[in-house]
Amino acid sequence: MMTQMVLRRIGIGFVTLLVVSLIVFMGTSILPGDVAQIILGQSATEETLAVLRAELGLDQPGYVRYFSWLGNMVSGDLGTSKAGGASISSLIDSRLGNTMKMAGLVALISIPFSVSLGLYAAMHPGTWLDRSVTFMTLSTISVPEFFIATLLVLILAVELHWLPSTAYLSGNESGVQLLKALAMPILTLVIVVSAQMIRMTRAGILNVMSSPYIEMAILKGVPRRRIILRHALLNAIGPIVNVIALNLAYLVSGVVIVETIFAYPGLAKLMIDGVQTRDLPLVQACAMIFCGTYVILILIADVASILANPRLRHPK
Amino acid sequence: MTEEIVNEMPKGEEIVAEIDKFDELPDAPPKRRIKLTWLGKLSVVIVVFWVVIAFIGPWIAPFHEMDIEGDDSFLDAYDNFYLGTDHLGRDTFSRILWGARMTIGISLAATLLAYCMGITLGIAAAVKGGWFDMIVSRLNDAVLALPSIMLGLIAIAAFGSSIPILITIAAIIYASSVFRIARALGQDIMVQDFVEAAKARGEGIWWIIRAEVLPNAAMPLATDFGLRLVFVVLFISSLSFLGLGVQPPQADWGSMVRENLQGLSYKSYAAIWPAFAIASFTIAINLIVDDVSAKSGGSLAKKMV
């Protein structure tokens with residue numbers, strides 16, 4: 001029964017990915033005028049347009065173009081960029097590594113930090129510490145990412161001169177230089193992602209705390225510390241793994257802002273540049289990578305919560 | 001009508017007193033009186049302040065949003081430039097007052113449009129069910145399955161950026177969450193006894209929607225409106241910040257932060273003030289919503305997930 005549910009969820013994940021690809025393709029193909037028109041500009045004659053359209057395969061019906069685009073994308077051929085004609089795979093190649101490096105470091109720092117702080121707040125509900133954590137995290141999720149980034153630049157780079165305000169990488173930095181360059185974007189993202197994660201961890205634990213078996217433990221006289229660590233935490237692991245995967249997915253939108261503000265040479269910066277120059281093949285490829293990652297992380301979150309549910313693991 | 005009969009009829013106050021008695025019965029419905037904490041009251045003041053500024057901002061601003069009046073760029077406050085000047089030497093204070101109209105106006109328009117679409121489709125899906133519900137729900141799931149900023153980027157890459165397009169994109173993206181809530185509420189209400197009773201009385205479907213479904217869905221939807229508005233403000237100002245939203249020279253809080261970012265290294269606060277404006281508006285709305293939903297049971301933490 002559980003395997004069935006997991007398989008079914010993975011199946012739905014695949015369908016979602018397909019629909020996402022359809023949205024990305026359609027979103028960037030229902031332009032007034034087409035790519036050939038954009039490349040050649042207003043002065044193009046009908047004949048040159050027709051030739052270029054045939055060359056780009058634009059004379060074929062939409063579904064043919066969609067399937068050949070999808071086929072190419074799956075086999076790793078992402079097409080060529082409109083600006084400069086470089087192959088998109090080579091453009092993305094170096095950028096993707098940079099973004100992954102940053103996201104990985106953010107996850108490494110923010111997960112232990114926020115799970116423990118969320119736990120601590122849940123252990124002492126109503127205290128000044130819990131209330132200030134709640135207020136701080138609510139404030140953080142209510143403000144745009146660039147607000148936090150701007151404040152950090154002002155305090156850490158301009159006033160205190162501790163860190164550089166941009167994260168430009170030349171490619172041959174030493175370890176310390178790299179860390180210093182990455183510190184600001186990582187700090188911003190850690191704050192943004194942790195706020196969500198702390199709130200959700202706290203809510204998850206408090207939710208478990210209101211179940212009957214916890215009430216039983218309280219009535220037995222088990223100390224609160226022990227209840228949380230022995231009874232509540234084990235049952236909250238499922239929801240917490242879910243929270244972690246969801247928040248890594250939230251990183252996707254945080255990364256877009258943070259890479260722009262710190263001029264970090266990552267995939268999101270590449271995509272924003274693509275949107276600004278309306279380089280549609282590039283936008284399509286980047287959007288598919290981001291959306292695909294997002295869908296897969298959400299899928300992991302859902303599978304984790306199925307796996308963590310003992311009722312599903314041991315069917316009657 | 002004789003005088004005696006008039007005297008026998010209960011007076012207004014007596015009727016109210018009579019109704020109040022029923023309120024104290026154990027099964028009386030809970031009173032929907034919202035009491036705010038001091039933080040909530042302060043938040044209401046802030047939100048009302050910004051909404052008023054959004055309407056009257058251009059008239060009370062000392063300068064026009066596009067006029068270059070200052071002596072130099074990135075100056076600190078002087079004379080009647082209360083917050084200094086921006087990267088072109090325009091008055092930051094005036095631009096914040098003008099920008100309120102743009103940021104709050106666009107977000108409010110987008111949220112209202114999202115609500116119209118979301119509620120209409122959501123209630124329709126709940127009432128009608130069947131294939132209509134199936135199709136709309138699946139389409140909705142697809143929109144919900146993507147990060148909103150990605151959808152925004154794709155749409156702007158395709159259509160370019162203008163204010164009507166920004167409003168439409170934001171409305172479509174956030175209508176999907178409104179749809180989900182409205183549909184769930186609608187389905188809950190449609191199986192209640194009082195709807196069954198109305199059906200048995202022979203009321204038409206429009207009457208049921210207007211008199212039974214909408215009033216009962218109104219309160220939860222109103223709380224959600226605040227949250228949705230915050231998301232839309234963040235979405236629009238993030239796009240503006242990326243240079244893909246409201247285009248210069250028009251003043252918008254998000255694009256003002258972007259334009260003046262370089263000023264930070266000259267210790268100019270021109271980028272900080274509009275960022276504070278956004279933050280004060282969104283935090284205040286969230287605090288109000290948190291206060292209201294704490295009173296009505298559900299905590300904000302659950303809804304933000």
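Keep in mind that the numbers below use all heavy atoms, side chains included, and drop hydrogens, waters and symmetry copies. Given the structure is predicted, the values throughout are model-derived calculations rather than measurements.
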Discussion item. Distance check, rounded to the nearest 0.5 Å: A:L151 atom CG versus B:F276 atom CZ?
Written reply: 5.5 Å
Practice prompt. Measure distances from A:T16 to the heavy atoms of chain B and classify the residue's part below 4.5 Å as side chain, backbone, both or neither.
Written response: side chain
Response to the item:
Interface check, chain A: of B:I156, B:L244, B:V230, B:I149, most non-hydrogen pairs under 4.5 Å belong to B:L244
Discussion item. Report which part of B:A279 has an atom under 4.5 Å of a heavy atom belonging to chain A: side chain, backbone, both, or neither.
Written reply: both
Worksheet item: Can you tell me if B:T282 uses its side chain to pair, donor with acceptor, with the backbone of A:S142 under 3.5 Å?
Response: yes
Item to complete: To the nearest 0.5 Å, tell me how far B:L287 CG sits from A:L138 CG.
Response: 5.5 Å
Discussion item. More than 12 heavy atoms of other residues, nucleotides or ligands under 6.0 Å from CZ of A:R8: yes or no?
Written reply: no
Worksheet item: What part of B:L153 is in contact with chain A, defined as an atom under 4.5 angstrom from a non-hydrogen atom: side chain, backbone, both or neither?
Response: both
Discussion item. Under 4.5 Å from any heavy atom of chain B, what part of A:V256 do you find: side chain, backbone, both or neither?
Written reply: both
Discussion item. So for A:T260, is it side chain, backbone, both, or neither that comes closer than 4.5 Å to the heavy atoms of chain B?
Written reply: side chain
Practice prompt. Name the option with the most non-hydrogen atom pairs under 4.5 Å to chain B; the candidates are A:T137, A:T150, A:V19.
Written response: A:T150
Practice prompt. Would you name the heavy atoms of A:A287 and B:M150 that are closest together and state the gap between them?
Written response: CA-SD, 4.4 Å
Worksheet entry | Where B:G254 and A:F146 come nearest, the two heavy atoms and their spacing | CA-CZ, 4.2 Å
Worksheet item: Which bit of B:R138 is near chain A, if near means a heavy-atom gap under 4.5 Å: side chain, backbone, both or neither?
Response: neither
Worksheet item: Does a sphere of radius 6.0 Å around CZ in B:F225 hold more than 12 heavy atoms from other residues, nucleotides or ligands, not counting ones at 6.0 Å or beyond?
Response: yes
Worksheet item: So among A:V275, A:I261, A:I257, which one has a side chain to side chain contact (heavy atoms under 4.5 Å, CB included) with B:L242?
Response: A:I257
Worksheet item: Has B:F132 got more than 12 heavy atoms of other residues, nucleotides or ligands less than 6.0 Å from its CZ?
Response: yes
Discussion item. Can you confirm whether B:S237 sits close enough to A:F147 that some side-chain heavy atom of one is under 4.5 Å from a side-chain heavy atom of the other?
Written reply: no
Worksheet item: Side chain, backbone, both or neither: which part of B:L146 has an atom under 4.5 Å from a heavy atom of chain A?
Response: both
Practice prompt. Look at A:V20, A:L206, A:V143, A:V295 and state which one has the largest set of heavy-atom pairs under 4.5 Å with chain B.
Written response: A:V143
Discussion item. Between B:L151 and chain A, with a heavy-atom cut-off of 4.5 Å, which part of the residue counts as in contact: side chain, backbone, both or neither?
Written reply: side chain
Worksheet item: Sub-3.5 Å donor-acceptor pair from the side chain of A:E145 to the main-chain atoms of B:S238, do we have one?
Response: no
Fill in: Selection from B:L261, B:L264, B:I285 maximising heavy-atom pairs under 4.5 Å formed with chain A
B:L264
